[in-house]
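First up is the structure itself, then whatever we jot down about it.
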Amino acid sequence: MCIHLQGSKELNPIETRYEFEAIIEDRELNHTISLRPLKMTDLDILYDWMHQPHIAPFWKLNVSIEDFYAYLERSVKAEHKRVFLCFVDDLPAGYLIAYSIQHDSISDFYQAEPGDLGMHLLIGPRELLNKEDGLMIVRAMTAFLMKKFGPGRIIGEPDIRNRIVIPILKEIGGYVADTILLPHKKAALVIGEHYRFKDYMSNKKVTFIKLPSEDIELLNVEGRSNM
């Protein structure tokens, strides 16, 4: 079954599938979720999402195209983060950032441990921002990060107003450890432990049909950046 995502950029299915780093089959909802590294040629997709009413208040990146280009370029080139575009049935559906906790001020708000990986995510098309589709996308993103980076824990800090993502993170094994006041938002500090996510996924009909390559460097990068 294929879903139509309004406003999603049409991409060549053959070329797109060839460049996917990971492909996940969700047999519970009969969809395929795929991820690949973000490219600067994805600018238009992300720029459009950042100006959508369901995204702009949280990400605050509804800026000029020049400023957004600069942000995206910094993100793509940063040594301490990895950025990915997520697809549902070959159509762009989400944006995923994995980052080194020791490079981020979030480490000042909790007791960080070796092997902690930071995560930011968004769901682009408004029609996918519901519990069922959101769960499908977020658990696929989480499975991807667990496989690729091998973290002991994944740390998220969604805005406390996010009434869809926070319940989803809790459903897949995460827990809210604290409520923290960051410079740009009041956030729920969500911790997702590897063993709890693995236990959650043990009876789910969700499998990799293409595994991502391992990246052990991200969790070993030293120092802190304010980017």
Side-chain angles (χ1 to χ4, degrees), residues 3 5-8 29 33 35 38 42 45-64 67-68 71-72 74-75 81-86 88 92-101 103-112 116-145 151 153-193 196-197 200 226-227:
I3 58 178
L5 305 182
Q6 296 180 357
S8 291
L29 295 177
I33 304 94
L35 297 103
L38 189 77
D42 298 319
I45 297 171
L46 270 293
Y47 184 72
D48 176 68
W49 287 348
M50 293 301 178
H51 285 75
Q52 297 302 313
H54 66 286
I55 293 174
F58 298 101
W59 282 71
K60 298 179 175 62
L61 282 171
N62 51 331
V63 295
S64 69
D67 287 345
F68 188 71
Y71 155 79
L72 204 61
R74 289 195 304 270
S75 296
K81 38 169 104 164
R82 307 286 188 268
V83 287
F84 304 93
L85 199 62
C86 176
V88 173
Y95 178 42
L96 176 64
I97 302 174
Y99 65 93
S100 168
I101 287 291
H103 279 81
D104 196 273
S105 61
I106 190 66
S107 61
D108 296 331
F109 292 86
Y110 83 108
Q111 187 62 48
D116 282 357
L117 178 72
M119 172 181 72
H120 299 302
L121 67 87
L122 71 77
I123 296 172
R126 179 65 182 85
E127 56 267 36
L128 293 181
L129 198 61
N130 59 73
K131 182 178 180 181
E132 185 177 76
D133 293 321
L135 175 62
M136 172 185 69
I137 293 170
V138 173
R139 72 184 175 191
M141 287 178 167
T142 304
F144 170 76
L145 295 181
R153 305 190 301 180
I154 292 179
I155 312 300
E157 26 93 340
D159 192 297
I160 60 169
R161 296 172 295 170
N162 199 320
R163 294 178 291 179
I164 293 181
V165 170
I166 293 174
I168 289 173
L169 293 174
K170 293 167 69 175
E171 181 172 342
I172 66 175
Y175 63 91
V176 177
D178 200 358
T179 299
I180 57 178
L181 186 61
L182 300 175
H184 56 292
K185 65 181 177 182
K186 189 175 183 181
L189 179 67
V190 182
I191 297 178
E193 297 172 327
R196 291 177 59 142
F197 180 69
Y200 162 79
N226 293 321
M227 289 175 63

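Positions are given from 1, in the same order as the sequence printed here. Nothing here was measured: the structure is a model prediction, and the numbers come from that model. Values below: every heavy atom of this structure, side chains too, minus hydrogens, waters and symmetry copies.
Formation of a donor-acceptor pair under 3.5 Å by the His54 side chain with backbone atoms of Trp49 is not found in this model. One N or O on the side chain of His51 and one on the backbone of Val63 form a donor-acceptor pair closer than 3.5 Å.
In this structure, CD1 in Ile55 is found 13.0 Å from NZ in Lys60, a value given to the nearest 0.5 Å. Considering CD1 of Ile123 and CG of Asn130, their distance stands at 8.0 Å, rounded to 0.5 Å. Atom-to-atom distance recorded for Leu117:CG and Ile101:CD1 is 7.0 Å, nearest 0.5 angstrom.
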Kindly determine whether Leu96 and Leu145 satisfy side-chain contact (heavy atoms from CB on, under 4.5 Å), including the steps that lead there.
-> CA-CA 10 Å; Leu96 176 64; Leu145 295 181; 3.8 Å; yes

Under the side-chain contact (heavy atoms from CB on, under 4.5 Å) criterion, do Ile191 and Asp116 qualify, and how do the steps go?
-> CA-CA 9 Å; Ile191 297 178; Asp116 282 357; over 6 Å; no

Mind running side-chain contact (heavy atoms from CB on, under 4.5 Å) on Ile97 and Ser75 for me, showing each step along the way?
-> CA-CA 9 Å; Ile97 302 174; Ser75 296; 5.6 Å; no

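Taking all atoms of both residues into account, the shortest heavy-atom contact from Ser107 to Ala112 is CB-CB, 4.5 Å. Counting all heavy atoms, side chain and backbone alike, Pro151 lies closest to Ile154 at CG-CG1, 3.8 Å. Between Phe68 and Met50, the shortest heavy-atom distance links the atoms CE1-CG, 3.6 Å. For the residue pair Asp133 and Leu128, the shortest heavy atom distance occurs at CB-O, 3.5 Å. Closest of all the heavy-atom pairs between Asn162 and Pro167 is O-CD, 4.1 Å. Across Ile166 and Pro158, no two heavy atoms sit closer than the pair CG1-CG, 3.5 Å.
Phe58 is not listed as a side-chain neighbour of Leu122, based on a closest heavy-atom distance of 4.5 Å or more. Side-chain contact between Leu72 and Leu38: present, with at least one pair of heavy atoms (C-beta onward) separated by less than 4.5 Å. Considering only heavy atoms from C-beta on, Ile106 comes within 4.5 Å of Leu189 through its side chain.
Ring planes of Trp59 and Tyr95: tilted class, angle from 30 to 60°.
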Side-chain donor-acceptor pairs under 3.5 Å in residues 168-187, sequence neighbours left out?
from	atom 1	to	atom 2	distance (Å)
Lys185	NZ	Glu157	O	2.6
Lys185	NZ	Glu157	OE1	2.6

